[in-house]
Asker: 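Got a structure here, written out as structure tokens. Questions coming.
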Amino acid sequence: MLLVKPILVKINHDKAQKEGYIELKEIEPETHKEEKTEQPYLEEEFDVLKKKKKKFDMAEVFVHQTIDTIEYVLGVLSNTASYLRLWALSLAHAELSKVFFEMTMGIFLFSDSNVNFLLVNCR
Amino acid sequence: MGADVEKALEARRLSFTYLAGLIGRDAAFSFERLLFRRTRGNVVTVMNDIEETIESINKFSVEKCLFIVIFRESERVKKSVISVCRAFGTEAYDVSGDIMKEEDDLRVQVRDLKSLYNETKAQIEARLDELVKFNKELKASPLAIYSWLFEKEKTLFRHLNMFYTDKNWLRTLCWCPLDKKAEVDKVIDLLTSGKKAQCSNLQEVRSHQLTPPTHFQTNEFLRSFQDIVFTYGVPSYKEADPTLFTSISFPFLFGIMFGDLAHGLVLLSFSIYMCLRKEYLIKSKSVLASVLEYRYLFLMMGVFSSFCGFLYNDFAAVPMNFVSSCYDVATDNSAELARSDKSCVYPYSFDPVWYASTNELVFLNSFKMKFSVIVGVSQMILGVVLKGINAVYFKSPIDFHCEFVPQLILLVGFFGYMNLMIVIKWLTDWEGNEQEAPSIITLLIGIPLNGSDPGPVPLYGSGTLQKYVGRFILGTCFVIL
């Protein structure tokens, strides 16, 4: 991912550029004219359709890939650990219900003496 | 003194003018000073604070002073005093003559003004009532019709602004799903038939480098889950949409966290009520109206919470005892309970005896942590596989071989191996040497740091297999990156 992808991207880009030059030479005048008259007015009117040329920078691809790799590795580790929140929340829920039960019904059910019973009920 | 002054005044034909009025207490000082300067010291001002606060029309209570300006009779001075008073926003009243008449005049003026005010107010209210009144023929109040009209005009002009004007024609670009193109053309024909307006059908722009916006086809059920997916990121054009998987996995993870049958059933019944009584709730404009959008989300969450509550054997912190426990629940509270039958396995969920035991938390924590991590790693593998499917669909071998494959190998190799170790540990019988059972965390950390040294009791097989598997995984991870 880190090393192989930039090399492959560069090879692809070179191939595309070479093929681009060949295409212009090989095209016949008629079909070329047809391509042009199909929608030239649209490109002049709407800026958003104009074709933009992108500069290819090898260093940029490398940096991009490094960041991607580091991001993925750290992401895998941290996201896997973050699944422990499933445990944490279920623990919190269970403990809260247990304490609630003990405080409300528990006093009633688990007390040993009769005095306690009287105290709770005849207030 | 009075008679002498009067006689002197008579003799010299002097007369004084007295102008009175009210001024606010904060402006009083500057008012006095300005009067003095303007009239070149020819006036005398007497100020007297008024005790009670006066309420103005605007319901502000102001503290005012009463002032009297005395000067020798002169039109010029009177004019400048009155203009200064006006500048400060008060009126000066001539009290040199008959005060009672002035007072009567003022009272009449106040009464007239009050009645004018009330009349105007009543007129305005009547007009407003007229606007809001429901008109049976038009089925709406005039106000509603106006606001609808303005809304329509505003929308029309907002959309017209998006067009590119060129003499008589308006042109624009728009996105349209391919399968809806015929429908749009039909509507255009319908609208322009028989009218003077001309509108062309949609013409496709073939060559462009723009990415189309993504069109999501959702139904009532998936819409809540779609919103959840959007908070993480909107899938771009033609990418795999994880919403369908989310509709099950999100409520399931919620259920694992909730894990209580009693509360789960409450949630379930609440959501069933919302799903069945949707129209009634909308009509009666209840408080629940805003939650109605997510009723299917609540329904799924209720189902899965009840299910997980059933699995955790937890009904509001009370375990359910449908099937008798596998342990001898002795009445003498012994420290360690014995099993009635060695091969007894509780048919579903946790044995209720756990909730009465002292090592309940140790066991449950360990189980829940391992279970969460298993579920988590599976979901992450699903995510990475979706990415691989994207790479296959867009026919990009670079993405497939250089991103998907290494990512999958890393994930499965490291954390998948961890899951495997967890399952192996669960399936082995540690009877006898419970103290020496290897900790998963120790083993995992041992892979990069320790050469995956298996420790006193190996997890599976003999120690050597474990060592080699660990080292192989470490090497692969390094190479694959």
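Here is the naming used below: chain letters follow the sequence lines, and residue numbers restart at 1 for every chain. Please read these numbers as outputs of a predicted model, since none were measured by experiment.
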Asker: In chain order, what residues pass the side-chain hydrogen bond (donor to acceptor under 3.5 Å, both in side chains) check against Thr214(B), with sequence neighbours excluded?
Answerer: none
Asker: If you round to the nearest 0.5 Å, how far is NE2 of His64(A) from OG1 of Thr69(A)?
Answerer: 9.5 Å
Asker: State the CE-NZ distance between Met103(A) and Lys98(A), to the nearest 0.5 angstrom.
Answerer: 11.0 Å
Asker: Using non-hydrogen atoms and a 4.5 Å limit, figure out which bit of Leu77(A) sits close to chain B: side chain, backbone, both or neither.
Answerer: both
Asker: Under a 4.5 Å heavy-atom cut-off, does chain B meet the side chain of Glu102(A), its backbone, both or neither?
Answerer: neither
Asker: Return the CG to CG distance between Asp314(B) and Leu261(B), rounded to the nearest 0.5 Å.
Answerer: 8.5 Å
Asker: Compare every heavy atom of Ser97(A) with every heavy atom of Ala316(B), then report the nearest pair and how far apart it is.
Answerer: C-CB, 4.2 Å
Asker: Where does Val384(B) contact chain A at under 4.5 Å (heavy atoms): side chain, backbone, both or neither?
Answerer: side chain
Asker: Should the ring pair Phe367(B) and Trp426(B) be called parallel, tilted or perpendicular, given that the plane angle runs from 0 to 90° and is split at 30 and 60?
Answerer: parallel
Asker: Check whether the side chains of Tyr72(A) and Glu403(B) place a donor and an acceptor atom closer than 3.5 Å, and report yes or no.
Answerer: no
Asker: If you count heavy-atom pairs within less than 4.5 Å of chain A, which of Asn365(B), Leu410(B), Leu411(B), Val377(B) leads?
Answerer: Asn365(B)
Asker: What residue in Cys308(B), Ala262(B), Gly376(B), Ala317(B) has the most heavy-atom pairs under 4.5 Å with chain A?
Answerer: Gly376(B)
Asker: Using a cut-off of under 4.5 Å on heavy-atom pairs, state which of Leu91(A), Val99(A), Leu96(A) scores highest against chain B.
Answerer: Leu91(A)
Asker: Is there any residue in residues 251-259 of chain B with a non-hydrogen atom under 4.5 Å from a non-hydrogen atom of chain A, and which ones are they?
Answerer: Leu253(B), Ile256(B), Met257(B), Phe258(B)
Asker: Taking the six-membered ring for Trp, is the centroid-to-centroid distance between Phe350(B) and Tyr355(B) below 6.0 Å?
Answerer: no
Asker: Where on His263(B) is there a heavy atom nearer than 4.5 Å to chain A: the side chain, the backbone, both, or neither?
Answerer: side chain
Asker: If you count every heavy atom of other residues, nucleotides or ligands that lies below 6.0 Å from Tyr348(B) atom OH, does the total exceed 12?
Answerer: yes
